[in-house]
Student: 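Pasting a structure below so you can have a look.
Remember, predicted model here, so these are calculated numbers, not experimental data. Every chain is numbered from 1, with letters handed out A, B, ... down the list of sequences.
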2 protein chains.
Amino acid sequence: MAKQVKKEDSAGTQVMLDDKDLSILRLLQQNARITVKEISDKVHLSTTPIHERIRRMEETGVIRQYAALVDHARVKKGLTVICYVSLKQHNRNAGARFIKSILDMPEVIECYNISGEFDFMLKVVAENMDAYYDFHVNKLSQAENLGHVQSIFVMGVIKQVQVSI
Amino acid sequence: MAKQVKKEDSAGTQVMLDDKDLSILRLLQQNARITVKEISDKVHLSTTPIHERIRRMEETGVIRQYAALVDHARVKKGLTVICYVSLKQHNRNAGARFIKSILDMPEVIECYNISGEFDFMLKVVAENMDAYYDFHVNKLSQAENLGHVQSIFVMGVIKQVQVSI
DNA sequence: ACTGAAAGACACAGACT
DNA sequence: AGTCTGTGTCTTTCAGT
């Protein structure tokens with residue numbers, strides 16, 4: 001089992017899932033490396049339909065990716081920062097250029113378009129405060145059309161789960 | 001390959017990883033279902049050491065979990081909300097009770113202790129605005145010792161990656 | 001620490017109900 | 001829709017370097 005998930009880009013299309021799909025999905029959210037055989041034992045179906053249902057959820061983009069989740073505190077990325085950004089101008093091109101520059105910054109592991117005072121929320125991981133300062137001053141602040149930036153530091157992780165359905 | 005990752009709870013202990021470990025980790029962050037054989041081809045080692053290195057990273061808590069990442073927009077959880085919460089009192093017991101109640105709310109998929117004006121940041125997924133309103137009024141706001149709540153709505157996902165090292 | 005081999009388990013496709 | 005069966009591939013362990 002080695003292939004990457006390929007996302008079909010019919011953006012935002014709802015996919016109908018029955019109870020068995022949801023059971024399978026929950027198991028995969030908890031443990032992406034569970035075997036099809038184990039799923040089939042728990043869901044009371046043989047392996048073939050499990051296979052087909054997983055393949056369908058991969059192809060329709062319900063399953064975006066299988067990922068190993070890393071404890072950043074243990075691998076020299078101890079600092080997580082929530083970063084709010086507003087742009088000076090809000091035309092389409094300005095936004096697109098900012099997004100493009102964000103996609104190229106490996107420190108930024110999440111970015112959302114948000115409502116309210118700011119335009120974007122970023123989740124940034126860095127080795128330490130010096131590294132974050134460098135990112136802030138030399139990378140993020142160099143993005144053209146940047147307005148205001150506000151940084152909020154994560155002091156502790158209370159909860160991080162994937163099971164959402 | 002079916003076992004869950006077991007986290008050793010020597011909280012926050014740094015784990016030393018060499019370049020080969022990091023290569024393996026990057027591959028697993030991109031695709032948790034990659035085969036050991038494929039990793040061994042890319043990292044130029046045979047399967048045995050790959051196995052041992054992965055097992056070590058699982059046992060030391062570097063790899064927290066293998067997870068299928070779901071596109072919430074496609075599975076009737078179209079609304080993501082960033083939610084800031086402050087408490088009235090900041091003693092240890094009050095915080096612990098709030099955390100306990102958060103851990104019991106399936107709508108809350110992430111929760112962080114943060115610096116600044118608010119005490120916690122939550123990421124909440126809901127089916128729609130009605131469902132979020134219900135969560136806000138009937139669940140979150142019922143938590144004892146709750147001060148202020150501010151909701152920021154996610155209008156679009158720009159980036160969500162796992163590769164952080 | 002690593003290589004190579006070998007046994008058992010698994011994924012995945014095919015024929016069938 | 002699903003079960004059953006088979007083949008090739010993978011995981012995982014172990015002896016050896």
Student: Between C/dG4 atom P and B/Ile50 atom CD1, what is the distance in whole Å?
Tutor: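 It works out to 14 Å between those atoms.
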Student: Counting heavy atoms from C-beta on, name the nucleotide in C/dG14, D/dC10, C/dC12 closest to the side chain of A/Thr48.
Tutor: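 So the side chain of A/Thr48 is nearest to C/dG14.
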Student: Can you measure A/Asp41 atom CG to C/dA9 atom P for me and round it to whole angstrom units?
Tutor: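 Nearest whole value for this atom pair: 14 Å.
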Student: Between A/Glu38 and A/Lys42 (salt bridge meaning N to carboxylate O under 4.0 Å), is one present in this structure?
Tutor: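 No, no charged N to carboxylate O under 4.0 Å.
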Student: Could you tell me if B/Glu58 and B/Tyr66 have a donor-acceptor pair between their side chains, going purely by distance under 3.5 Å?
Tutor: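 Yes, because at least one side-chain N or O of B/Tyr66 sits under 3.5 Å from a partner of the opposite role on B/Glu58.
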Student: Hey, does the side chain of A/Arg53 come within less than 4.0 Å of D/dG2's phosphate (OP1/OP2), counting only N and O?
Tutor: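 So the side-chain polar atoms of A/Arg53 do come within 4.0 Å of the phosphate oxygens OP1 or OP2 of D/dG2, strictly under.
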Student: Can you identify which nucleotide, out of C/dC10, C/dT3, D/dG2, has its nearest atom closest to the B/Ser46 side chain?
Tutor: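 Minimum distance to the B/Ser46 side chain belongs to C/dT3.
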Student: Considering heavy-atom distances to DNA chain C, does A/Lys37 or B/Thr47 have its closest nucleotide positioned more toward the 5' end?
Tutor: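 Taking each residue's closest nucleotide, the earlier one in sequence belongs to B/Thr47.
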Student: Rounded to whole Å, please give me the gap between CD1 in A/Ile24 and P in C/dA11.
Tutor: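 After rounding, the reported distance stands at 13 Å.
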Student: Give the rounded distance in Å between these two atoms: CG of A/Leu17 and C1' of D/dA1.
Tutor: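 So the two atoms are 17 Å apart, to the nearest Å.
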Student: Starting at NE2 of A/His51 and ending at P of D/dC4, how long is that distance when rounded to a whole Å?
Tutor: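 In whole Å, D/dC4 P lies 17 Å from A/His51 NE2.
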Student: Quick one: B/Glu52 CD to C/dT3 C1', roughly how many Å, whole number?
Tutor: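 About 12 Å, once rounded to whole Å.
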Student: Find the distance B/Ile39:CD1 to C/dC2:P and express it as a whole number of Å.
Tutor: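 Value for this atom pair: 14 Å.
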Student: Could you walk me through whether B/Lys123 and A/Glu110 satisfy the salt bridge (Lys or Arg N to Asp or Glu O under 4.0 Å) test, starting with their C-alpha distance in whole Å, then the side-chain angles of each, then the deciding distance to 0.1 Å, before giving a yes or no?
Tutor: CA-CA 12 Å; B/Lys123 191 187 286 181; A/Glu110 295 178 38; 2.8 Å; yes
Student: What's the closest nucleotide to the side chain of B/Pro49 if the choices are D/dG2, C/dT3, D/dT11?
Tutor: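 Output: C/dT3.
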Student: Just checking, any donor-acceptor pair under 3.5 angstrom between side chains of B/Tyr132 and B/Glu107?
Tutor: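 Judged by distance alone, the side chains do not pair up.
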Student: Between P on D/dC10 and CD1 on B/Ile34, what's the gap in Å once rounded to a whole number?
Tutor: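 The distance from CD1 of B/Ile34 to P of D/dC10 comes to 12 Å, rounded to the nearest Å.
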